[in-house]
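Here the structure is laid out as structure tokens; the discussion comes afterwards.
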Amino acid sequence: MSQTKDSPKSVVVYGASGYTGRLICEYLRQYQIPFIAAGRNKQRLKEVMKRVPGIETADYEVRQVDHTVEDLSKLFAEVDVVCNVVGPFEYYGETVVEAALKARCHYIDTTGEQSFLKLMGERYGEQFDTQGLVLSPSTAYMYTPLDICAHYALEQEGIDSIEAVGSTNAVPTFASTQSIFALLKSEMFYLEDQHLVPWTQRGVGFETVVPGRAFTQLAHPWGGGSLPIYLDRDPRVHNCRQLTSFANRAMFQSVVDLSKHYEDNIRDLPEDEQVAQLAAIAEQMQPGEPPRENMLVHRSIDHVVARGTANTRTVILRGGPPYLQTGVYQAATAHRLLAEDPQLTGLVSASQAVGHRYLLGELKKFLPTELEIVD
């Protein structure tokens, strides 16, 4: 699908002035992909883009655009791929999805909000599929590493059940924190006997064993994760649960406590009051933007324990800074979609769209990465 539109640019990064948006631009530059850095404030975009490492060698331009289907679709009509990092996606994402469909663009984003994935699949998945386009939310850390691990596990015949845990010592950005607390309002699902089942234990944490760590870590469904939604469409998979944990146990305990606080004190309030209270909590948790990640500090271990009737497979992916990983996953997925037709279309994960082996290979080009498979 390379350069099918009459435009010198190939990709729009919508929300490029944010922490994650800048990282996507950085890796698009390394792939030498021409891109448009877009957002609502042109002057802020210009100032921020000057701070992207190596930007002087990038082929890019800055565009200001209103957050409407009409204005966004006009911009997207110039490119083949949209990388959307404007969240919380539950509030702002559908406008961008609709604009991408109208402009006949592949759409990828960084959200893990199950309610958003399900809704976009129901409303737009078939239309994207009919047009040979990819609708791929959750192309980001917390989702894509486990997506890669799950598909390596499924290479073994007979595997039908997946338990996935992502563990990191990253510091969530302001935008990520806003999204995290926005999704507390939504139901969380796991896959059981080929049916999506709501988590009933919402305000509790789960002790989990992380490979290579001596102490157990506290984990939480964290919105349910994207794997149960994507693997619900895979006939090989009967069961799937996804959890998230952070190495900073005290910080993560506060997240679990806030989840319980929401269930006990906020859930029954009117919608507008829920939104306001959750936004206030998120502001207190992370009022600013963290510094650029440190390769020697911010690391991750993502693993999948998979089983069938008489066999098991454990897949462990050890990697570098999570937000840098997100930049790679977004740019690498865009790169592949520009070069050739996707493997699957419609609502699909990045691994389903461009291949789990491809994504792992691209990650290894940029960041220290190790995959371990134990049968």
Side-chain angles (χ1 to χ4, degrees), residues 14-15 18 20 39-41 66-72 84-99 109-125 135 137-138 140 142-143 172-190 195-206 218-226 228-229 232 242-244 246 251-289 347:
Y14 182 49
T20 305
R40 291 175 293 179
N41 188 323
D66 289 333
H67 190 78
T68 65
V69 172
E70 181 180 3
D71 286 355
L72 288 170
N84 180 26
V85 281
V86 175
F89 292 84
E90 183 177 344
Y91 305 148
Y92 304 114
E94 184 170 3
T95 298
V96 191
V97 171
E98 188 176 348
D109 73 29
T110 57
T111 183
E113 300 166 35
Q114 274 192 347
S115 57
F116 178 75
L117 268 71
K118 290 173 87 277
L119 186 63
M120 294 305 98
E122 292 165 4
R123 290 184 177 175
Y124 303 102
L135 172 59
S138 304
M142 290 180 70
Y143 314 107
T173 65
F174 175 74
S176 293
T177 307
Q178 292 284 335
S179 294
I180 290 162
F181 286 100
L183 60 78
L184 286 178
K185 300 191 297 84
S186 304
E187 276 197 305
M188 305 180 296
F189 295 89
Y190 61 95
H195 293 91
L196 288 171
V197 178
W199 284 92
T200 55
Q201 294 177 295
R202 294 173 57 91
V204 300
F206 298 85
L218 187 64
H220 187 268
W222 201 264
S226 61
I229 306 301
D232 184 33
Q242 180 175 341
L243 297 173
T244 297
F246 278 70
M251 183 276 285
F252 204 70
Q253 180 66 62
S254 69
V255 172
V256 174
D257 291 344
L258 283 168
S259 175
K260 186 176 188 305
H261 171 73
Y262 172 79
E263 295 299 322
D264 293 342
N265 302 292
I266 300 177
R267 177 173 288 281
D268 293 332
L269 296 176
E271 176 73 12
D272 58 342
E273 291 186 36
Q274 290 191 43
V275 171
Q277 290 206 27
L278 289 171
I281 291 171
E283 188 81 26
Q284 294 170 10
M285 289 287 292
Q286 176 55 269
E289 183 176 286
L347 182 70

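All values below come from the heavy atoms of this structure, side chains included, with hydrogens, waters and symmetry mates left out.
- Between Leu347 and Pro137, the closest side-chain pair of non-hydrogen atoms falls below 4.5 Å.
- Here Phe252 pairs with Trp222, Phe246 under the ring pair (Phe, Tyr, Trp, His ring centres under 6.0 Å) rule; sequence neighbours left out.
- Legend: residues meeting salt bridge (Lys or Arg N to Asp or Glu O under 4.0 Å) with Arg123, ordered by chain and number and at least two apart, are Glu94.
- Counting heavy atoms of neighbouring residues, nucleotides and ligands inside a 6.0 Å radius, atom CZ of Arg40 does not exceed 12 of them.
- Between the side chain of Asp109 and the main chain of Thr111, a donor-acceptor pair closer than 3.5 Å is present.
- Distance check, rounded to the nearest 0.5 Å: CD of Gln253 to NE2 of His220 gives 10.5 Å.
- With rounding to the nearest 0.5 angstrom, the CD atom of Glu187 is 10.5 Å from the CG atom of Leu196.
- No side-chain donor-acceptor contact under 3.5 Å links Gln242 to the backbone of Tyr190.
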Go through the steps for Tyr262 and Gln277 under the test side chain to side chain donor-acceptor pair (under 3.5 Å), then give the verdict.
CA-CA 9 Å; Tyr262 172 79; Gln277 290 206 27; over 6 Å; no
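- Around NE2 of His67, the count of heavy atoms belonging to other residues, nucleotides or ligands within 6.0 Å exceeds 12.
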Derivation and outcome, side-chain contact (heavy atoms from CB on, under 4.5 Å), residues Val97 and Phe116:
CA-CA 11 Å; Val97 171; Phe116 178 75; 4.0 Å; yes
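- Applying the 6.0 Å contact sphere to CD of Glu70 captures no more than 12 heavy atoms from other residues, nucleotides or ligands.
- The main-chain N or O of Phe189 is found under 3.5 Å from a side-chain atom of Gln114 such that the two form a donor-acceptor pair.
- Of all heavy-atom pairs spanning Ser226 and Leu117, the tightest one is CB-CD2, 3.7 Å.
- Side-chain N or O atoms of Glu98 include none that pairs as donor or acceptor with a backbone N or O of Val69 at under 3.5 Å.
- The distance from the CD1 atom of Ile266 to the NE2 atom of His261 is 4.0 Å, given to the nearest 0.5 Å.
- Side-chain contact between Phe89 and Thr110: present, with at least one pair of heavy atoms (C-beta onward) separated by less than 4.5 Å.
- When all heavy atoms of Leu243 and Ala219 are compared, the pair lying nearest together is CB-CB, 4.0 Å.
- Within a 6.0 Å sphere centred on CZ of Phe206, other residues, nucleotides and ligands contribute more than 12 heavy atoms.
- Contact record, Ala99 with Leu72: CB-CB, 3.6 Å, taken as the closest heavy-atom pair.
- In this structure, CG in Asn84 is found 9.5 Å from OG1 in Thr95, a value given to the nearest 0.5 Å.
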